[in-house]
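Remember, predicted model here, so these are calculated numbers, not experimental data. Nothing fancy with the numbering, it's 1 onward along the sequence. Side chains included, hydrogens not; waters and symmetry mates left out as well; all remaining heavy atoms used.
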Amino acid sequence: MTAKKRAIWVFGDYRNYFQNRVTLQLLSRAKDLAEKIDAEVCAVVFGHKVDEWTGDVLSSYNPAFCGVVGESIAHGADKVYLADHPRLAAYSMETYTLLMERLVRQEKPEIILIGATTFGREFAARVAKRLGTGLTADCIGLDIDSEGLLVQIAPSFGGNLVAEIVTPERRPQMATVRPGTFQEIPHDYSRTGEVVKLPLPERLPADRVRLVSSERSPLREQKLEDAKVVVCGGRGLGSKKKFAKLFELAELLGGEVGATRPVVYADWADHDALVGQAGKQIRPQILFSFGISGAIQHTAACNDAKFIIAVNKNPNAAMMKRADVAIVADAGQICNALIQELKRRIR
């Protein structure tokens, strides 16, 4: 009897998947990890009417049609476990957790990866508890060690240290990963994969929490972790009023505004703007850094920036040493000068 092939699962949050790319980013990384341990990559999707192309009797799938299933396969999944039922139309903590627990116990995957979104953090923790396994939350990196274990890299002690965590005994190995940590691979129309349609178990317990209504909050034009240009500000700007100027500069550049932890704690910016181990991972083409000293908690989250322009009064600041262009000057003054020059040129 042939031994069952090991598997790395990625739980697919299909809601608004065309904007929230974390599932596709995780599939990309799972594909790399799977090659190191000779495993297959599987996506798991729960919902209702998640993909109009799947049909009733479908065992294989060509991603040329796109859709949620096609996107998963085109971005690295070898197999998609799909549970499509009206009961799953809205996320139910209890039902989703029960279905995932039963599926994992039946199929026994080696690794499960879930996006560290608000939904993912709640869901992953409950599944891990049910399965009696470990879970590393908010990972900023993943790798496979010499023994074939998943190395889960995550900030610890308030973001002051980066820990490498493994789960040597319990299975599956589980981790949630922040959006923007990995890059998704290009859509490959030539890939095909297997679709396993999952029936809803009979006599499911009634949900104790029922969704009455929902309303989508307006989103910014682009997510910070997806922006090509990011204008980041730190405490060196000196005041909330000066920090607010970054929004004007970012608008002129077609970018987004990021902030350091002291700035967020000072209420100069919302937590959604936090760039750091406790916030967003970014990889812009151009990063402007105004008044940022360059603590490890911040710089670890922007290592993949292609080009960095830093402005600081202190020429020895860590961010200045990392920059491609370092300007020793008052950050607020340089920001204002850039705004004026851009407005002049736009006219």
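- By the criterion of side-chain heavy atoms lying less than 4.5 angstrom apart, applied directly or through intervening Ile, Leu, Val, Met, Phe, Trp or Tyr residues, Val328 is not grouped with Ile334; the two fall into different hydrophobic clusters.
- The backbone N or O of Asp272 sits nowhere less than 3.5 Å from a side-chain atom of Asp270 that would complete a donor-acceptor pair.
- When the side chains of ILVMFWY residues are joined at heavy-atom separations under 4.5 Å, either directly or via intervening members, Ile111 and Ile165 end up in two distinct hydrophobic clusters.
- Within the 4.5 Å cutoff, the side chain of Leu131 has heavy atoms near those of the Pro172 side chain.
- Side chains of Leu88 and Leu99 form a contact here, defined as non-hydrogen atoms less than 4.5 Å apart.
- Taking the six-membered ring where the residue is Trp, the centroids of Phe46 and Phe11 are separated by under 6.0 Å.
- Interatomic distance, CG of Leu150 versus CD of Glu164, reported as 11.0 Å (0.5 Å rounding).
- Hydrophobic clustering keeps Leu274 apart from Val263 (ILVMFWY residues linked when any side-chain heavy atoms are closer than 4.5 Å, directly or through intermediates).
- To the nearest 0.5 angstrom, Phe123 atom CZ is 5.0 Å from Met100 atom CE.
- Nearest heavy atom pair, residue Gln183 against residue Ser28, reads O-OG, 2.9 Å.
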Open item on the list: Under the criterion side chain to side chain contact (heavy atoms under 4.5 Å, CB included), I'd like the reasoning laid out for Phe182 against Val177: C-alpha separation, chi angles, the key distance, then a yes or no.
Closed with: CA-CA 9 Å; Phe182 303 114; Val177 182; 3.7 Å; yes

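- For Lys36 and Asp143, the salt-bridge test passes: some basic side-chain N is under 4.0 Å from an acidic carboxylate O.
- Counting only heavy atoms from C-beta outward, the side chains of Arg121 and Leu135 never approach each other to under 4.5 Å.
- A salt bridge links Lys5 with Asp38; the closest basic N to acidic carboxylate O contact falls under 4.0 Å.
- Taking 4.5 Å as the limit, some side-chain heavy atom of Ser72 sits within range of a side-chain heavy atom of Leu27.
- Counting all heavy atoms, side chain and backbone alike, Ala116 lies closest to Pro179 at O-CD, 4.0 Å.
- Taking all atoms of both residues into account, the shortest heavy-atom contact from Ile185 to Ala74 is CD1-O, 4.5 Å.
- The number of heavy atoms from other shown groups lying within 6.0 Å of CD (Glu251) does not exceed 12.
- Minimum heavy-atom separation, Ala259 to Ala269: CB-CB, 3.9 Å.
- One finds no salt bridge joining Asp78 and Lys31 here, because no Lys/Arg side-chain nitrogen approaches an Asp/Glu carboxylate oxygen to under 4.0 Å.
- The structure places CG of Leu198 at 12.5 Å from CZ of Arg102, a figure rounded to the nearest 0.5 Å.
- Distance alone, capped at 3.5 Å, places no donor-acceptor pair between the Arg130 side chain and the Ala125 backbone.
- Checked for salt-bridge contact, Arg283 and Asp226 miss the test: no charged N lies under 4.0 Å from a carboxylate O.
- One distance of note links CZ of Arg6 with CZ of Arg171; it measures 8.5 Å at 0.5 Å rounding.
- No single ILVMFWY cluster, assembled from side-chain heavy atoms under 4.5 Å apart, contains both Ile292 and Tyr265.
- Residue Phe243 holds its CZ atom at 7.5 Å from OG1 of Thr260, rounded to the nearest 0.5 Å.
- There is no side-chain donor-acceptor pair under 3.5 Å between Thr167 and Gln173.
- Of all non-hydrogen atoms in Val257 and Leu246, the two that sit nearest each other are CG2-O, 3.6 Å.
- In the displayed structure, Arg170 atom CZ is contacted under 6.0 Å by at most 12 heavy atoms of other residues, nucleotides or ligands.
- Taking every heavy atom of both residues into account, Ile282 and Glu225 meet most closely at CG2-CA, 4.1 Å.
- Residues Pro284 and Lys228 have side chains not in contact (no heavy-atom distance under 4.5 Å, counting atoms from C-beta outward).
- A salt bridge links Lys313 to Asp330: one of the charged nitrogens lies within less than 4.0 Å of a carboxylate oxygen.
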- [ ] Let me see the working for Val311 and Met320 under side chain to side chain contact (heavy atoms under 4.5 Å, CB included), right down to the final yes or no.
- [x] CA-CA 7 Å; Val311 185; Met320 296 287 275; 5.9 Å; no

- [ ] Test Ile339 against Lys245 for side chain to side chain contact (heavy atoms under 4.5 Å, CB included), laying out the working first.
- [x] CA-CA 9 Å; Ile339 291 171; Lys245 281 287 185 179; 4.1 Å; yes

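- A donor-acceptor pair under 3.5 Å links the side-chain atoms of Thr176 to the main chain of Asp138, judged by distance alone.
- The closest side-chain heavy-atom distance from Met174 to Ile114 is below 4.5 Å.
- Criterion: ILVMFWY side-chain heavy atoms under 4.5 Å apart, direct or through other members. Under it, Val166 and Ile153 are part of a common hydrophobic cluster.
- Side chains of Tyr81 and Glu107 form a contact here, defined as non-hydrogen atoms less than 4.5 Å apart.
- A distance-only check finds no donor-acceptor pair linking the side chain of His298 to the backbone of Gly294 [under 3.5 Å].
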Task: Lys306 vs Ile286, side chain to side chain contact (heavy atoms under 4.5 Å, CB included): CA-CA, chis, key distance, verdict - done: CA-CA 6 Å; Lys306 298 294 188 296; Ile286 302 176; over 6 Å; no

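- In this structure, Leu338 and Glu341 have side chains that are not in contact, with every pair of non-hydrogen atoms separated by 4.5 Å or more.
- To the nearest 0.5 Å, atoms CD (Glu101) and NZ (Lys129) are separated by 10.5 Å.
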